[in-house]
Amino acid sequence: MRNHLIRTYQNYINGEWRPSASGARLTVTCPGDGQPVADVPKSVPEDMDRAVAAARHAFETADWAFNPRLRSKAMLVWAAKLRDNLEDLATVLCLETGKPMGEARFEVNGAINQLEYYAAAARTLYGAANAVDKNTLSVLAREPVGVVGGIIPWNYPVTLFMRDMAPALAAGNSIVVKPAAITSASALALLQEAEKTNLFPAGILNCVTGSGSVVGETLIAHPDVDMISFTGSTGVGRHIMEVAAATMKKLSLELGGKSPNVIFADADLDKALPYALKAIFTNAGQLCTVGSRLVVEESVAEEMVARLKAGAEALRVGHGLDPETTMGPVSSEGQLRDVMGYIEEGKAHATLVTGGYRITEGELAQGCFIAPTIFLNPPADSRIVQEEIFGPVLVVQTFRTEEEAIAIANNTKYGLASAVWTRNIDRAMRVARRIRAGSCWINCYNRLLPECETGGYKQSGIDRAGGIEGIMKYTEVKHILVDFA
Ligand code: NAP
Ligand code: MG
C-alpha cells in the first residue's frame, strides 16, 4: 500500500490563505490507490461571498484593469515560478487525478505555455477605429468584463484552469475560481506559485474549494459576478445558463463531446493508428475532445480494428507514479461505476473487441482501473454511440461513402471536435467543412495549442477557448465617439 504525503491547503481570498468559515475539510484521494493526498476546505456560501467581494473591490480599485503591462509581467513571472516548481506540481496533479507522471508533466507544461501566450496577448488587445466622417471618429476599445467566476473540471485541472483563467486575467478581469472538488489541490498549488510573484494585487486572484452544489451555486447566482466561464458537463452547463439568466451574466460554456475520428481507406494508416489510440486512451478517455468514435471506411475496418486491439492490449495500465504506466485509472469510484454501466450496456448491443472489465489484479484492485475497451458496430442510436462516456471506451462505426461518413460523424447532439484522415486534399477539405464541430484536425488528432481555438457547436458549448477568440470573450466592447467639428 502506498502512503502519500498529505498536503494541507486553504482557500485563497484577497491575497490570504483562509480556512472555511465552517471549519469543515474535504479529503482529496488518489484514484490509483484510494489513499488520501490532500486536505482542502469544504467551503460554505459565506466563503464564496468573501471571495467575490474581494474580487469586486480589487477589480474596481487595484492597479490592474488599466495596466496591461503589469498583467503581462505578473503572468510571465508566474509562468517562471511554475516552471521552477514543475516536478512538484506534476506530482500533486498525478496523485489527485491518477494520470501518469509523464502526462502530468505534459499538462503542467501546457498550462505554462497558455500563461505565456496570454501574457503576450495582454499587451496587444486591439480594438478598432472607424473614421465615420470628416469630424467624427468612432473608437472601439476592449475593456475587461469585471469579476469572472471560473468553474473547472477534474480531468485536466491545471491546463483547463489556465486555458480559461489566463486570458481572463490578461484581459484585466479579477477571478474567483471554483475547482472540481476531487482535484482542488492542484488549483491551490498553482496559486501558491502566483503569490510568490508579489505582482498580483490582493483580490485579483481568488480560489474557493468545496462542492459545486454549494459554493458553485453561490458563484453562478452571485449578483456581483459579471461572467461565468465554465468547463464541464452539458447538464451542469444548462443549469448554469438557467441560473445566470437571473442576473444576465456573460457566459462561456465548454461542454461535452462525442467526437468522430474519420479515417478513409486512402489515409496513411501507419500514422493514423497511433493517433487513434492516443485520441481515446489518453487520460483514460477523460478528455472533452477524445476521439471516442472511430468512423472508418469499411474496406480497411478489419485491418484497423485488429491493429487497434493489439495497441489497446499493449497499453500498460497502472498507477500514475509507476514509470511503466501508459494509462492510469479513471478519476473516482463514481466515474468508474458510470463507465462500467455504459460498458455493460454496450456488451448487450455490440461486438466487444477487447477490454470490457474493471481491473482487479494485485495492487490495481485498490484503484479505479478499467481495461482499454473497444466496441465494433454498435447501433447508431445506442447510448454508447450517442452519449459521452468519459472513460477508455472506443466505438468503431464503419461507412462506405463520403456522404455516409459525414452523416455518421454528425449524428449526435454534440459538436466539439473531429478529425479526417485521407491523402486526398479535396476530400479532406470537403469533409472538414461539413462536419458540424468546433474543430476538425486533418491527418492528426488533439493538437490542442494555446494559439488555437476549441469549442462547441450544437450542445457542446457556447464560445471558444484558446487563441484570440479565447481572450476576446473576456472583454466588453466600449464604443467611444469623438466629435471634433
Ligand atoms: P461537471 O460535473 O459538470 O463539473 C464541472 C465543474 O462544475 C466542477 O467544478 C463541479 O464541482 C462544478 N459544478 C457541479 N455542479 C455545479 C453547480 N450546480 N453549480 C456550479 N458548479 C457546479 O463535469 P465533470 O464531471 O467534472 O467533468 C467532465 C465533463 O467536462 C465532461 O462532460 C467533459 O466533456 C467536460 N469537459 C469539457 C471540456 C471542453 O473544453 N469542452 C474540457 C474538459 C471537460 P464539483 O466538483 O464539486 O462537482
Ligand atoms: Mg460531476
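Atoms within each ligand, like the ligands themselves, are counted from 1 in listed order. This is a predicted model, so every value here is computed, not measured. One is the number of the first residue; the rest follow in order along the sequence.
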Enumerated ligand 1 atoms positioned under 4.0 Å from heavy atoms of I220: 19 (N)
Residues H4 and D33: side-chain donor-acceptor under 3.5 angstrom: yes
Option set F230, Y414, W154, criterion heavy-atom distance to atom 24 (P) of ligand 1, minimum: W154
Pair T209, N11: side-chain N/O donor-acceptor within cut-off below 3.5 Å: yes
Sub-4.0 Å heavy-atom contact, P179 with ligand 1: yes
Atoms in ligand 1 with a heavy atom of E254 nearer than 4.0 Å: 37 (C), 38 (C), 39 (C), 40 (O), 41 (N)
Contact (N/O only, under 3.5 Å) between S211 and ligand 1: no
Heteroatom distance test (R163, ligand 1): nitrogen or oxygen, under 3.5 angstrom: yes
N or O pair under 3.5 Å between I152 and ligand 1: yes
Under 3.5 Å: N/O of A181 near N/O of ligand 1: yes
Pair N446, T282: side-chain N/O donor-acceptor within cut-off below 3.5 Å: no
Backbone or side-chain N or O of G232 under 3.5 Å from ligand 1 N or O: yes
Min N/O separation S460 to ligand 1 under 3.5 Å: no
N or O contact, C288 vs ligand 1, cut-off under 3.5 Å: no
Any side-chain donor near an acceptor of the partner, Q397 and R293, under 3.5 Å: yes
Best match, L160, T231, I151, L26: closest heavy atom to atom 12 (C) of ligand 1: I151
From CA spacing to verdict: salt bridge (Lys or Arg N to Asp or Glu O under 4.0 Å), D49, R56: CA-CA 10 Å; D49 286 338; R56 186 87 246 158; over 6 Å; no
Sub-4.0 Å atoms of ligand 1 with respect to non-hydrogen atoms of H239: 18 (N)
Heavy atom of G237, distance to ligand 1 below 4.0 Å: no
Donor on one side chain, acceptor on other, K258 and T412, under 3.5 Å: no
Subset of ligand 1 atoms that lie under 4.0 Å from at least one heavy atom of S233: 1 (P), 2 (O), 3 (O), 23 (O), 29 (C), 30 (O), 32 (O)
K99 to F106 six-membered ring, cation-pi geometry met (6.0 Å, 45°): no
Y275-W441 aromatic ring centre distance below 6.0 Å: no
Ring centre gap for Y9 and W17 strictly below 6.0 Å: no
For E388, all residues meeting salt bridge (Lys or Arg N to Asp or Glu O under 4.0 Å), sequence neighbours excluded: none
Verdict with supporting geometry, K473 and E469, salt bridge (Lys or Arg N to Asp or Glu O under 4.0 Å): CA-CA 6 Å; K473 72 184 178 192; E469 297 276 340; over 6 Å; no
E388, portion touching ligand 1 at heavy-atom distance under 4.0 Å: side chain
L255 and ligand 1 - part of the residue with a heavy-atom distance under 4.0 Å: backbone
Atom indices of ligand 1, in the order listed, that fall short of 4.0 Å to a heavy atom of G210: 47 (O)
Distance-only N or O hit between ligand 1 and E217, under 3.5 Å: yes
Ligand-residue contact atoms, ligand 1 with N155, heavy atoms, under 4.0 Å: 43 (C), 44 (C)
Modelled atom types, side-chain donor and acceptor of Q459 and R238, under 3.5 Å: yes
